[in-house]
Amino acid sequence: MEKREKQERRVGLPELKNAEKGKVVLRFAPNPNGPMSFGHARGIVINGEYAKEWDGELILRFDDTDTVVKPPLPHAYQEIEDEAAALLGFAPHRVVIASDQIPHYYEHAELMLNAGFGYVCQCSGEAFKVFRVEKNECPCRPNSSTLNIELWNKMLDGTFKPGDAVVRVKTDMTLKNPALRDWPALRMQDTENHPHPRPSIASKYRVWPLLDFQSAVEDHLQGVTHIIRGKDLMDSTRKQTLLYQHFGWTYPETMYWGRVKVHEWGGFSTSQMRRDIEAGMFTGWDDPRLPTLSALTRRGITAEALRAFWIELGVTQKDISVPLSALFSHNTKQIDDEAPRLSFIRSPQSFELHGEHPERVEVDVHPNHPNMGQRVFELNGKTIWIEQEDVTKGNLRLKGFADVAIEGAIATVESIERQDQRPIVHWLTNTQSKDGKLIVAKDGELLEFNGQMEHHNYPEGTMVQLERIGYGRVLDATTILFSHA
RNA sequence: GCUCGUAUAGUGUAGUGGCCCAUCAUGAAGGACUCUCAUUCCUUCGACCCGGGUUCAAAUCCCGGUACGAGCACCA
């Protein structure tokens, strides 16, 4: 037998099992209780890429079924939808809001109660915990369907109060995995004091499905074929599979990814971020110190870079910790070719320009693309700015202009041509610059560097490269938000 | 405690019994180009958690150990 060709390195995402072109349905299901963070991007990107690859559909589903512990934020729905579309490069094919689907969940709960694979449990959480740990059945378990429906109606009409009763899925109390034993499917919430923030829902329902039940039923209703999510939801898959067996449904194909930590950020929870923003610790969801999607966008991280980043990490179940530089290197590739060069002088020192020199100097806007034009520096004013740190280096080469000798507050032109190996530094003329500001988010702090900003007419949002500093995003004529080196 | 999962260079990733003295990217170091500490290009560095077993052959399969992570909420 001939030696096989050396197997090529697989590129892109791993193969989707049991997938049929044009028939794949995936979903991304965030809770609209706060800003979408960096981590949410993984769900959007991975599911979106698979949908694209298989000509399938991507559903954006809002899992907004908790009004007390994780109350949704009214404006989050639209913001998440917009951000997802921007990140995907296309709009989600369907948008589903769980709180609109409550009647469907009730219907399936009743089906479950009538068929006898679910029951209303009046034990307290603590009491049930004991049964679960000791593998004993709770006294409510053998109740008849008739009684269960009766109790269910007491949940619905408010005879029962939150905490009095829950609906459980009957599995098996002797299951090895304690998490799977008769798990809770629906509970009551005090929507009088904690109304759902969507006006059309508000205090309309007392009984609400829990994630595992809601998600399971909804996936079936929507015809989801593949679920790709964090491995923290592995037991959810197992719970839901048991429910699917009861209903006689087939559970979707599932894939998991592990936990991702970013060196520079550590752990941020959505709830905590939301509290901190509301407490005024940050300027908003897009505060550059935060690991939110909007902050990254504001810093100039492109959708393409985010996509490339998450695709590169793939869908392994390994828990990983990545440096921000991994994301930045993707971003540099995306923006460098189009980023105009600009100078910004930190801690500027002014010098009087002496010696013979031309009246003006022209420098390329982009060294690799002369067709992007020239930056013109008029030297009539004869005052130039140099960074304080550079001044200490002795004689300097002013980039694109001349060799100068530094003495006191005077810079004397020694040669227009480069004559030796003196350090090359960036500089600005008095006439071509004004007071400006560079904002840098570093180690959880927002640092502001004042200095001389080169004149430019770039609109807000333009990604520029500050020579010898790094990339940044234009906020206005005199302010740039530092992105990365 | 019970249950589940994962372990390949600094970081991330490919690899599903012989193509592997292990892929690619990133990083670091050096160099070329360049009047930016940018971009581009070249070179170098660097890894299969440990111990058993199965097999002619193991990064790949099995068992044990260790480490790390997750679930066991009337949160998502």
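Throughout, protein chains are lettered first and strands after them, A, B, ... in sequence-line order, and every chain is numbered starting at 1.
- Panel note: side chain N331(A), backbone G300(A); a donor-acceptor pair is recorded below 3.5 Å.
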Is there any protein nitrogen or oxygen under 3.5 Å from a nitrogen or oxygen in nucleotides 35-37 of chain B, and what are the pairs?
from, atom 1, to, atom 2, distance (Å)
C35(B), O2, R397(A), NE, 2.8
C35(B), O2, G400(A), N, 3.1
C35(B), N3, R397(A), NE, 3.1
C35(B), N3, R397(A), NH2, 2.2
C35(B), N4, R397(A), NH2, 2.6
U36(B), O2, R468(A), N, 3.0
U36(B), N3, Q465(A), OE1, 2.7
U36(B), O4, R341(A), NE, 2.5
U36(B), O4, R341(A), NH2, 2.9
U36(B), O4, Q465(A), OE1, 3.4
C37(B), N4, R468(A), NH1, 3.0

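- Closest to the side chain of R10(A), from the set A14(B), G69(B), G71(B), is A14(B).
- An OP1 or OP2 oxygen of U13(B) is reached within less than 4.0 angstrom by a side-chain nitrogen or oxygen of T316(A).
- Aromatic rings from F377(A) and W427(A) are positioned such that their centres are separated by under 6.0 Å.
- Summarising the base pairing, C33(B) is matched to no nucleotide, lacking a Watson-Crick or G-U wobble pair whose two defining distances lie under 3.5 Å.
- Using a 4.0 Å heavy-atom cutoff across all strands shown, D63(A) reaches sugar-phosphate atoms only and no base atom.
- Shown for residues 151-174 of chain A: residues whose heavy atoms fall under 4.0 angstrom of RNA chain B, namely G163(A), V166(A).
- Shown here, C56(B) forms a base pair with G18(B); the pair counts as Watson-Crick or G-U wobble because both key distances fall under 3.5 Å.
- An OP1 or OP2 oxygen of U26(B) is reached within less than 4.0 angstrom by a side-chain nitrogen or oxygen of K333(A).
- Dashed line: the shortest gap from a side-chain N or O of R187(A) to OP1 or OP2 of C75(B) is under 4.0 Å.
- A28(B) is paired with U44(B) under the criterion used here, namely a Watson-Crick or G-U wobble arrangement in which both key atom distances are under 3.5 Å.
- In this entry C4(B) has G69(B) as its Watson-Crick or G-U wobble partner, both defining distances falling under 3.5 Å.
- Distances from the side chain of K231(A) to the nucleotides C4(B), U6(B), U26(B) place U6(B) closest.
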